[in-house]
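Before any comments, here is the structure.
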Amino acid sequence: MKILNIVGTRPNFIKIAPIIEQMDQSAKISYALIHTGQHHDENMNQTFFNQLNIPSPDVNLGVRGGSNIQQVSQILQKFEPVLLRERPHAVLVVGDVNSTLACAMVAAYHGIKVVHVEAGLRSFDLSMPEEINRILTDKISDLLFVTEASGMKNLAREGIDPQKTHFVGNVMVDTLLKYQDFAANSSEILNAHDLKSKQYIVLTLHRPSNVDRKEVLQGILEAMVGLAQELSVVFSIHPRTEKKIKEFHLSHLIENLILIPPVPYLDMLQLMSNSKLVLTDSGGIQEETTILKVPCLTLRENTERPVTIEKGTNVLAGTKRDDILNAATQILACENKKGSCPELWDGFAAKRIVEILEDWEPSCP
Ligand code: UD1
Ligand code: UDP
């Protein structure tokens, strides 16, 4: 069976790595790797291929920036000839980004089977482009791999045929468990910034709802000014956020933070593992902090990953300055959630996925 594996963004690289590793060991599956180009800076892209031993993409569609509509439409047009040339049995997409939906759509239009890894997550917030991408991708998928119980319930409620859905665990956790010790032994990030274990906070931000509106971004950064009086705040700045801070003239609010460009994966693992607290609007980081048992304050009003709250260390803090400061103060005063490991987040999700793919018989293209 020939599969086209699709990636486009930073979290996609982390999710595809263990799937490719398992496919490499399969006698029944061959694959090509297609990169849409959505993330392309060295430190948002190539460093992940290097550190996670992901083979170079067979094809890079070279899509760059633009609005959601521009990205999706560019990918639709550029992926179609690749699909027609490669004629795979299936296209495998991961996550919820524009590259995920666009490539799934091209496959579905051509009657090629769609496999979605990380299906079923729902924030119930249609103002997020990711929520639109999730719902539409799931609707046109033929095989849906789910990370947590809420995802199975959501898909059942939406009328997706249960025979198509499989609760397999979390491929992002596969990668974390594989590299956790190596990161601890090899990363120099703590020394590089003179950081002591459990004496700093990590911050990441990139959701349009947080960074594209000046008043929201300003409130979040003002909370960081307050927290930086207590502990060092290490801020890994996503390119979208960097642009917006400049555009809104908010650079004065980050003067007392430790500013770093997006860091390689192993450094990020090491930073999170040793932090006292992580503040984030990232989807993946809510999951990773759950496994690392590091307190996480999610700077959003909702999450599509409720298991990280029910079982993990995650707390929704919202996006208002005082709410963030109050929630952080409680955690820094050691009122920590203990957290436990969600079901099947055990390092074997990709193995389960590939075993199911091997037994699957999509019709010939
Ligand atoms: C995208 C995903 C989001 C995911 C995030 C992971 C969608 C709708 N959004 O958001 O779900 O959580 O990736 O990080 O697909 N940029 C660069 N260089 C890069 C990447 C981005 O300069 O390598 C800049 C560009 O100006 C670009 C902007 O950041 O226009 C936003 O990038 P984009 O991929 O559109 O959205 P993200 O915010 O990264
Ligand atoms: N990450 C990283 N370096 C950073 C910030 C994040 O390696 O500077 C990793 C993080 O550990 C997680 C993934 O990127 O594995 C999450 O990606 P992101 O937050 O960009 O996207 P989301 O998960 O929100 O879609």
Side-chain angles (χ1 to χ4, degrees), residues 10-11 13-15 17-18 43-44 47-48 50-53 147 169-206 224 227-228 230-238 257-299 303 305 307-309 311-315 317 327-328 330-342 345-349:
R10 174 167 69 185
F13 310 140
I14 296 156
K15 291 166 195 171
N43 57 10
M44 294 291 288
T47 55
F48 294 88
N50 298 345
Q51 289 202 332
L52 302 176
N53 287 315
T147 52
N170 191 325
V171 286
M172 200 166 224
V173 174
D174 292 6
T175 304
L176 185 155
L177 294 176
K178 177 169 177 185
Y179 287 98
Q180 187 176 15
D181 288 346
F182 185 55
N185 293 328
S186 62
S187 169
E188 285 296 326
I189 189 86
L190 301 190
N191 291 338
H193 298 283
D194 203 16
L195 297 168
K196 303 274 176 295
S197 188
K198 303 298 166 194
Q199 292 182 26
Y200 64 91
I201 293 170
V202 174
L203 170 67
T204 82
L205 273 184
H206 69 276
M224 299 310 132
L227 286 176
E230 307 287 320
L231 279 179
S232 301
V233 177
V234 182
F235 185 11
S236 154
I237 308 190
H238 188 285
L257 312 187
I258 300 175
L259 304 175
I260 52 176
V263 290
Y265 180 70
L266 296 175
D267 287 339
M268 191 64 194
L269 275 190
Q270 179 68 348
L271 267 181
M272 289 191 290
S273 304
N274 288 283
S275 66
K276 175 90 176 155
L277 169 65
V278 173
L279 293 110
T280 192
D281 58 11
S282 160
I285 291 176
Q286 294 172 59
E287 300 180 335
E288 290 168 338
T289 46
T290 281
I291 292 299
L292 296 170
K293 297 202 166 20
V294 170
C296 176
L297 279 186
T298 293
L299 307 178
T303 179
R305 293 159 159 92
V307 78
T308 62
I309 294 182
K311 296 223 166 140
T313 51
N314 192 14
V315 173
Q330 277 182 27
I331 289 177
L332 295 176
C334 285
E335 293 170 38
N336 291 350
K337 286 175 79 177
K338 292 264 183 300
S340 62
C341 180
W345 290 20
D346 57 2
F348 297 102

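Keep in mind that what you see is a predicted model, and the values were worked out from it rather than measured.
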Rounded to the nearest 0.5 Å, what separation is found between the [atom1] atom of [X] and the [atom2] atom of [Y]?
X: Phe48; Y: Ile14; atom1: CZ; atom2: CD1; answer: 5.0 Å
X: Leu269; Y: Leu177; atom1: CG; atom2: CG; answer: 9.5 Å
X: Ser186; Y: Asp267; atom1: OG; atom2: CG; answer: 8.0 Å
X: Leu227; Y: Leu277; atom1: CG; atom2: CG; answer: 7.5 Å
X: Leu292; Y: Ser275; atom1: CG; atom2: OG; answer: 8.5 Å
X: Ser273; Y: Ile291; atom1: OG; atom2: CD1; answer: 11.5 Å

**Request:** Starting from the C-alpha separation in whole Å, work towards a yes-or-no answer on side-chain contact (heavy atoms from CB on, under 4.5 Å) for Ile285 and Met272.
**Result:** CA-CA 9 Å; Ile285 291 176; Met272 289 191 290; 3.9 Å; yes
Determine whether Thr280 and Thr204 satisfy the following criterion, side-chain hydrogen bond (donor to acceptor under 3.5 Å, both in side chains), listing intermediate values before the conclusion. CA-CA 5 Å; Thr280 192; Thr204 82; 2.6 Å; yes
Looking only at heavy atoms, which two atoms of [X] and [Y] are closest? And how far apart?
X: Pro262; Y: Ser236; value: CA-OG, 3.7 Å
X: Thr290; Y: Pro342; value: CG2-CD, 3.6 Å
X: Met224; Y: Val233; value: O-CG2, 4.3 Å
X: Ala317; Y: Ala327; value: CB-CB, 4.2 Å

Could you walk me through whether Val294 and Lys198 satisfy the side-chain contact (heavy atoms from CB on, under 4.5 Å) test, starting with their C-alpha distance in whole Å, then the side-chain angles of each, then the deciding distance to 0.1 Å, before giving a yes or no? CA-CA 10 Å; Val294 170; Lys198 303 298 166 194; 4.1 Å; yes
Find out whether [X] and [Y] are in side-chain contact, i.e. whether some heavy atom of one side chain is under 4.5 Å from a heavy atom of the other.
X: Val315; Y: Ile309; answer: no
X: Leu190; Y: Leu271; answer: yes
X: Asp174; Y: Asn170; answer: no
X: Leu231; Y: Tyr200; answer: no
X: Val263; Y: Ile189; answer: yes
X: Leu297; Y: Ile331; answer: yes
X: Met172; Y: Pro11; answer: yes
X: Ile201; Y: Leu279; answer: yes

Determine yes or no for a side-chain-to-main-chain donor-acceptor pair under 3.5 angstrom, with [X] supplying the side chain and [Y] the backbone.
X: Trp345; Y: Thr147; value: yes
X: Gln51; Y: Tyr265; value: yes
X: Asp281; Y: Leu299; value: no

Fit a plane to each ring of His238 and His206, take the angle between them on a 0 to 90° scale, and name the class: parallel (under 30°), tilted (30 to 60°) or perpendicular (over 60°).
parallel
* **Stepwise side-chain contact (heavy atoms from CB on, under 4.5 Å) test for Tyr179 and Leu266** => CA-CA 7 Å; Tyr179 287 98; Leu266 296 175; 3.8 Å; yes
- Query: When you check the side-chain N and O atoms of Gln286 and Thr303, is any donor under 3.5 Å from an acceptor?
  - Reply: yes
Step by step, would you call Leu176 with Glu287 a side-chain contact (heavy atoms from CB on, under 4.5 Å)? CA-CA 10 Å; Leu176 185 155; Glu287 300 180 335; over 6 Å; no
